[in-house]
Number of protein chains: 2
Amino acid sequence: MSQKFIIVGGVAGGATAAARLRRISEDVEIVLVERGEYISFANCGLPYYIGETIKDRSKLLVQTVKGMSDRFNLDIRNLSEVLCVDPKNKKVTIKNLQSGKEYKESYDKLLLSPGAKPIIPPIPGLSENEVLFTLRNIPDTDKIKKYIDTNHPKKAIVIGGGFIGIEMAENLLERGVEVTIIEMTKQIMAPIDLEMASILHGNIKEKGVNLILENGVQAFANKGKKVILSDGTEIETDMTILSIGVKSENELAKVAGLELGERGGIVVNEYLQTSNEDIYAVGDAVEVVDYISGKKAMIPLAGPANRQGRIAANNMMGKKEKYHGTLGTSIAKVFDLTVAATGNNEKTLKRLGVSYEVVHIHPSSHAGYYPEAVPIALKLIFDKETGKILGAQAIGADGVDKRIDVIATAIKGGLKVNDLTNLELSYAPPYSSAKDPVNMAGYVASNIIEGELEMVQWHEIDEIVKDGGLLIDVREPMEREFGYIKGSLNIPLDEIRNRLDSLPKEQTIYVSCQVGLRGYLASRILKNSGYIVKNVDGGFKTYSSVFRSV
Amino acid sequence: MSQKFIIVGGVAGGATAAARLRRISEDVEIVLVERGEYISFANCGLPYYIGETIKDRSKLLVQTVKGMSDRFNLDIRNLSEVLCVDPKNKKVTIKNLQSGKEYKESYDKLLLSPGAKPIIPPIPGLSENEVLFTLRNIPDTDKIKKYIDTNHPKKAIVIGGGFIGIEMAENLLERGVEVTIIEMTKQIMAPIDLEMASILHGNIKEKGVNLILENGVQAFANKGKKVILSDGTEIETDMTILSIGVKSENELAKVAGLELGERGGIVVNEYLQTSNEDIYAVGDAVEVVDYISGKKAMIPLAGPANRQGRIAANNMMGKKEKYHGTLGTSIAKVFDLTVAATGNNEKTLKRLGVSYEVVHIHPSSHAGYYPEAVPIALKLIFDKETGKILGAQAIGADGVDKRIDVIATAIKGGLKVNDLTNLELSYAPPYSSAKDPVNMAGYVASNIIEGELEMVQWHEIDEIVKDGGLLIDVREPMEREFGYIKGSLNIPLDEIRNRLDSLPKEQTIYVSCQVGLRGYLASRILKNSGYIVKNVDGGFKTYSSVFRSV
Ligand SMILES: Cc1cc2nc3c(=O)[nH]c(=O)nc-3n(C[C@H](O)[C@H](O)[C@H](O)COP(=O)(O)OP(=O)(O)OC[C@H]3O[C@@H](n4cnc5c(N)ncnc54)[C@H](O)[C@@H]3O)c2cc1C
Ligand SMILES: Cc1cc2nc3c(=O)[nH]c(=O)nc-3n(C[C@H](O)[C@H](O)[C@H](O)COP(=O)(O)OP(=O)(O)OC[C@H]3O[C@@H](n4cnc5c(N)ncnc54)[C@H](O)[C@@H]3O)c2cc1C
Ligand SMILES: CC(C)(COP(=O)(O)OP(=O)(O)OC[C@H]1O[C@@H](n2cnc3c(N)ncnc32)[C@H](O)[C@@H]1OP(=O)(O)O)[C@@H](O)C(=O)NCCC(=O)NCCS
Ligand SMILES: CC(C)(COP(=O)(O)OP(=O)(O)OC[C@H]1O[C@@H](n2cnc3c(N)ncnc32)[C@H](O)[C@@H]1OP(=O)(O)O)[C@@H](O)C(=O)NCCC(=O)NCCS
């Protein structure tokens, strides 16, 4: 007798699983149930359709119900909601949202890929807010776009500085709307750390976005036309996008008695089976294992959802394939910059109490002598004892995705920071340098591990100088006109050898330069001449992305 | 007593080693001897300066003699040639090319980084050729540029379709010169295979380059203004660039009695020591171990030269660092396309008698629904038994460098093709797809390994059809108007299930589509319905890049 599979959710995880199931067998029955009208749409493209970078709405529909049914011989039931799961009798109750009819459908194996939904906190005035939007699917998108097309809003507020918030800010600006972002923490883009996010803060402000940090929304007033912030500030707006994060669509699982994690994610084992062995779950709805820390995490991204969908399908068909956890590689376009990250950030590592070391470098996207080379701010986080790569973050106008992908691959290959120096990456002047930025990050990290280089961080140096530490800025005097770290003494690198006698041997000498390279060279000269020395990691460039220069 | 190091050659390998030596110690004496006027210049940028993409000549000089001497406290002797090495007495003879004076200099350790020189075969008429150029260094560049600036040549011939030849063709065209490339083999760009190179052949012809394959130069006549090809063709030209490859600058090593390899490369051990333990050698001059095959190879690239320079410096200072061989990751811009490769190609594997499997895919550089997505032709070569990645090649207008770098990193991480499916690469619509092209190549390769998919190659299918094989083209009828494989029967994918009865079960059914994906889907339907089936790898796209369509 042929098996019958029911899949809940017809987009990233669900549609992928359905296609894969059919590719494995012509004999199984596959029922795909989707609450919405559309299956298999491009969630990730939605903001760009609103911004009209993607002009053709039909492009958002990667597959249609008819197209996918025909191709994969699927029984697709859209506009149908699975109301509940009865694991004992292996049945689901489905409601046809058009007819209102409810019916039961039996399964041999069930796959849940219901995704996540925007978090909507109980802000006073919420229910009266007539201009509040969230963005998850095509109807949400249509609503927002129609509002803009019809009402030509002048001002918008975006609550939350995550990926979707930032993408929406950019796309609203693209439509001529004045945008204010309100973010509760010190920084936008949670996957990266503060000093990296600070680069973005500067950039988006330059682009004309009004960025309000460390402030939340207290209430909506005037049918949503007024937003009142935690500190009492009142802002007029024509529309508000609420994008402070998502939470697992876990109701079905909860009611069915499946185990849920602390943050509400459906708990699955390595085979993506829930606590009921005939029910699999994937995507934004599930709790995953963080590939770096081994801890439980919620990482709602399309790549993992797709990958999990395929693995779950394999396992539903009796293969035994493990899902090895999620690294959390993520990326976003922020106006003319790209920001990307992989692995753990400092915030996470601190929270977990993991010890780590950090390097910041500022190499060129490609050979400096070839036109259009631009700087990349690249941060590498690693374990000083083992050389294990813990994470990386990068920001720049070009070549950022490549470097983060290379590091993500190195992590999956179990490569250490020292191995990064031996990566053979493609080099011709339009693409990279003979020592690629990733090689370079590897060199700097290896030097730390081998004790050839000691660093202090951007957030430590002010305190050190205040406490009487000696900081030497080894840049040229002219460079200091654009700013320097307060209290630093200027001795250009090429004069250091001649001025050794004037420097103290009994106290640590701190050196800094523009990006860290000349500081490193100075630190080598000093160290090899018997001085104790530490370099300011990332130089003035990293420092000044956070602090205002003198 | 402080050690004394002499370095022969002041560019990629040599300058890097000098800098690293000084960073390790302030106490050693470092003499850098360079035959030319310039050290530390950007060889790789030379063609682009000729083409005026790089406008400022000084940009080619990454470091100057004065700058580098001051910064690294080096004794740099440019315009000085090392004439011979006396390993027994640990002395070199140096000739000051300005004064003509010769003198001896002793060393504790010697590093050879003399590079390579263009191969110039004894073509009749060569010595009378007044318009023949080769390109290796700044003087060569100045000569070519001056000739173009002054004589405004109308026509140029480039002999040799390697990286430098192709880059020169592009840059000459950029200067308004009509270019003919003459290449002895069937294809340009040796690191890639024929079907991939064919994509470039089409492209450069479209750009207006006259491409002559499988033809060599027999003789020069008329002071070089006429070039006579092997087949007798005569071509008029105003200038000729000879770029058929380079050979090791091995004279010093040879005379010093150091071991040389079959192809003339200086033999070094893992520590980059020559057969004399006090003499190290790096860069284009040395024979390396091919990282994939473990065989000896000559791989003259800047990345390896730089890396080896640093490793040699470490070892000269008593560290023990191994060089693990060269993967040969390479890249070039070919007009609006990028071509890149890593590892071994089919030609090499065949020559070595290694068995391998190949997949060709044609994914988009990023999400298709986001503007400016372009196709990438990606070829992955792997061992079917072990899943080991043997090599990869890619061509496209965007995102090629990233995918090859990721695969090069995967190789260094010892990842198998199956692991490529689990790489977590950064995805947002402007950068990639939820399943990145590298993931996708991994899926296809894994399907082959797991027996879910059998392929035939572009070069096999014509023969198969001629011998009576049944080939089904599963594309839509309209698509066939732009060409199809001769003898193929058209049954669109979505009709296959309904027409199963008309297909034979006793003979292999071959399927093909545009890029291989729909062929795969058809092959799954057929296979799961009890048919024997093989898919044409890469579909009509790979096939038609070599063969003219019907
Ligand atoms: C605006 C936006 C931009 C994004 N950008 C990116 C990006 O750039 N990169 C990236 O990696 N990720 C991005 N994401 C996240 C990505 O889209 C998700 O990680 C991915 O879609 C998750 O897949 P999923 O299958 O778990 O859930 P979904 O793709 O959301 O699919 C779940 C489906 O299940 C349906 N469903 C839920 N409950 C039921 C039920 N009871 N019965 C029937 N159907 C049900 C829902 O209607 C929904 O269609 C973005 C998301 C959004 C909203
Ligand atoms: C036009 C061009 C484009 C290129 N493009 C690329 C590219 O895009 N990507 C890439 O990876 N590689 C490229 N390369 C190759 C790259 O430049 C070389 O691999 C690299 O420079 C090799 O470094 P090396 O130190 O071995 O030799 P070199 O950099 O050539 O340095 C050798 C130096 O030694 C000197 N020398 C030799 N003999 C003596 C002696 N007896 N006494 C004193 N001095 C001596 C020479 O004058 C020379 O300056 C390109 C090369 C050229 C010529
Ligand atoms: C459209 C959708 C249903 C497609 O699912 P899919 O069929 O698994 O994916 P693709 O069309 O990319 O095809 C991948 C399959 O083709 C195979 N393939 C791809 N190119 C191939 C080629 N050239 N030759 C042979 N096989 C090929 C792959 O091996 C894979 O098959 P497998 O899983 O059996 O190994 C699903 O991806 C989807 O719904 N996407 C939109 C929703 C979404 O992801 N949203 C979030 C991001 S915006
Ligand atoms: C210019 C040249 C001499 C520089 O050599 P170099 O000093 O080794 O290289 P870089 O200037 O890139 O600096 C790299 C060093 O700085 C360190 N570094 C780089 N950025 C740093 C940062 N932000 N903080 C701390 N250290 C940093 C690296 O660790 C490395 O030091 P190490 O080797 O001791 O570990 C050499 O690369 C050269 O001659 N190049 C031109 C010739 C050439 O390569 N041609 C072929 C290609 S066109």
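These numbers were taken from a predicted model, which means no experiment stands behind them.
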Participant: Which residue out of A/Ala332, A/Ala408, A/Ala340 racks up the most heavy-atom pairs below 4.5 Å with chain B?
Facilitator: A/Ala332
Participant: With rounding to the nearest 0.5 angstrom, report the OG to NZ distance, B/Ser25 to A/Lys527.
Facilitator: 13.0 Å
Participant: Side chain from CB out, backbone as N, CA, C, O: work out which of these in A/Ser432 comes under 4.5 Å of a heavy atom of chain B, or both, or neither.
Facilitator: neither
Participant: Heavy-atom cut-off 4.5 Å, strictly under: side chain, backbone, both or neither for B/Lys435 against chain A?
Facilitator: side chain
Participant: Is the closest basic N to carboxylate O distance between B/Arg71 and A/Glu495 below 4.0 Å?
Facilitator: no
Participant: I need the A/Tyr49 OH to B/Tyr369 OH distance, nearest 0.5 Å.
Facilitator: 14.5 Å
Participant: With a 4.5 Å heavy-atom cut-off, do A/Pro430 and B/Tyr48 have their side chains touching?
Facilitator: yes
Participant: Go through A/Arg310, A/Glu452, A/His324, A/Arg403 and name the one with the most non-hydrogen pairs under 4.5 angstrom from chain B.
Facilitator: A/Arg310
Participant: Rounded to the nearest 0.5 Å, what separation is found between the OG1 atom of B/Thr409 and the CG atom of A/Asn422?
Facilitator: 11.5 Å
Participant: Considering only heavy atoms and a distance below 4.5 Å, find which of A/Ser330, A/Gly328, A/Ala305, A/Ser529 pairs most often with chain B.
Facilitator: A/Gly328
Participant: So which part of B/Ala367 gets closer than 4.5 Å to some heavy atom of chain A, the side chain, the backbone, both or neither?
Facilitator: neither
Participant: Salt-bridge test for A/Glu26 and B/Arg497: reply yes if a basic N is under 4.0 Å from a carboxylate O, no otherwise.
Facilitator: yes
Participant: Check the pair B/Phe72, A/Leu521 against side-chain contact (heavy atoms from CB on, under 4.5 Å), reporting the backbone distance first and the verdict last.
Facilitator: CA-CA 9 Å; B/Phe72 295 101; A/Leu521 299 180; 4.0 Å; yes
Participant: Taking side chain as everything from C-beta outward and backbone as N, CA, C, O, which of these in A/Leu493 sits under 4.5 Å from a heavy atom of chain B? Side chain, backbone, both or neither.
Facilitator: side chain
Participant: Drop me the distance from B/Arg20's CZ to A/Tyr443's OH, to the nearest 0.5 angstrom.
Facilitator: 8.5 Å
Participant: Under a 4.5 Å heavy-atom cut-off, does chain A meet the side chain of B/Leu423, its backbone, both or neither?
Facilitator: both
Participant: Looking at chain B, which one of A/Leu415, A/Asn306, A/Asp401 has the largest number of heavy-atom pairs inside 4.5 Å, strictly under?
Facilitator: A/Asp401
Participant: So which atom in B/Cys44 and which in A/Pro429 form the shortest heavy-atom distance, rounded to 0.1 Å?
Facilitator: O-CG, 3.2 Å
Participant: Do the side chains of B/Lys412 and A/Asp419 get close enough for a salt bridge, i.e. N-O under 4.0 angstrom?
Facilitator: no
Participant: What part of A/Tyr520 lies closer than 4.5 angstrom to a heavy atom of chain B: side chain, backbone, both or neither?
Facilitator: side chain
Participant: To the nearest 0.5 Å, how far apart are CD1 in B/Ile311 and OG1 in A/Thr421?
Facilitator: 6.5 Å
Participant: Which region of A/Arg22, side chain (C-beta onward) or backbone (N, CA, C, O), has a non-hydrogen atom less than 4.5 Å from a non-hydrogen atom of chain B, or is it both or neither?
Facilitator: both
Participant: May I ask you to name which of A/Thr338, A/Ile496, A/Asp70 has the most heavy-atom pairs under 4.5 Å with chain B?
Facilitator: A/Thr338
Participant: Taking side chain as everything from C-beta outward and backbone as N, CA, C, O, which of these in A/Thr326 sits under 4.5 Å from a heavy atom of chain B? Side chain, backbone, both or neither.
Facilitator: both
Participant: If only side-chain N and O atoms count, and only distance matters, is there a donor-acceptor pair under 3.5 Å linking B/Ser426 with A/Asp405?
Facilitator: yes
Participant: Is any residue of residues 52-62 of chain A within less than 4.5 Å of chain B by heavy atoms, and which ones?
Facilitator: A/Thr53, A/Ile54, A/Lys59
Participant: Report which part of A/Lys319 has an atom under 4.5 Å of a heavy atom belonging to chain B: side chain, backbone, both, or neither.
Facilitator: side chain
Participant: So do B/Lys402 and A/Val406 actually touch side chain to side chain, heavy atoms under 4.5 Å?
Facilitator: no
Participant: Could A/Glu450 and B/Arg23 be called an ion pair, given the rule that one side-chain N must be under 4.0 Å from one carboxylate O?
Facilitator: no
Participant: Heavy-atom distances under 4.5 Å only: say whether A/Leu327 touches chain B with side chain, backbone, both or neither.
Facilitator: both
Participant: So, the side chain of A/Asn528 versus the backbone of B/Asp27: is there a donor-acceptor pair under 3.5 Å, distance only?
Facilitator: no
Participant: Check whether A/Ile525 gets within reach of chain B through its side chain, its backbone, both or neither, counting any heavy atom under 4.5 Å.
Facilitator: both
Participant: When heavy-atom pairs shorter than 4.5 Å are enumerated against chain B, which of A/Leu420, A/Asn439, A/Asn73 gives the highest number?
Facilitator: A/Asn73
Participant: Side chain, backbone, both or neither: which part of B/Tyr427 has a non-hydrogen atom closer than 4.5 Å to chain A?
Facilitator: both
Participant: Could you check whether any side-chain heavy atom of B/Tyr291 comes within less than 4.5 Å of a side-chain heavy atom of A/Glu424, counting everything from C-beta outward?
Facilitator: no
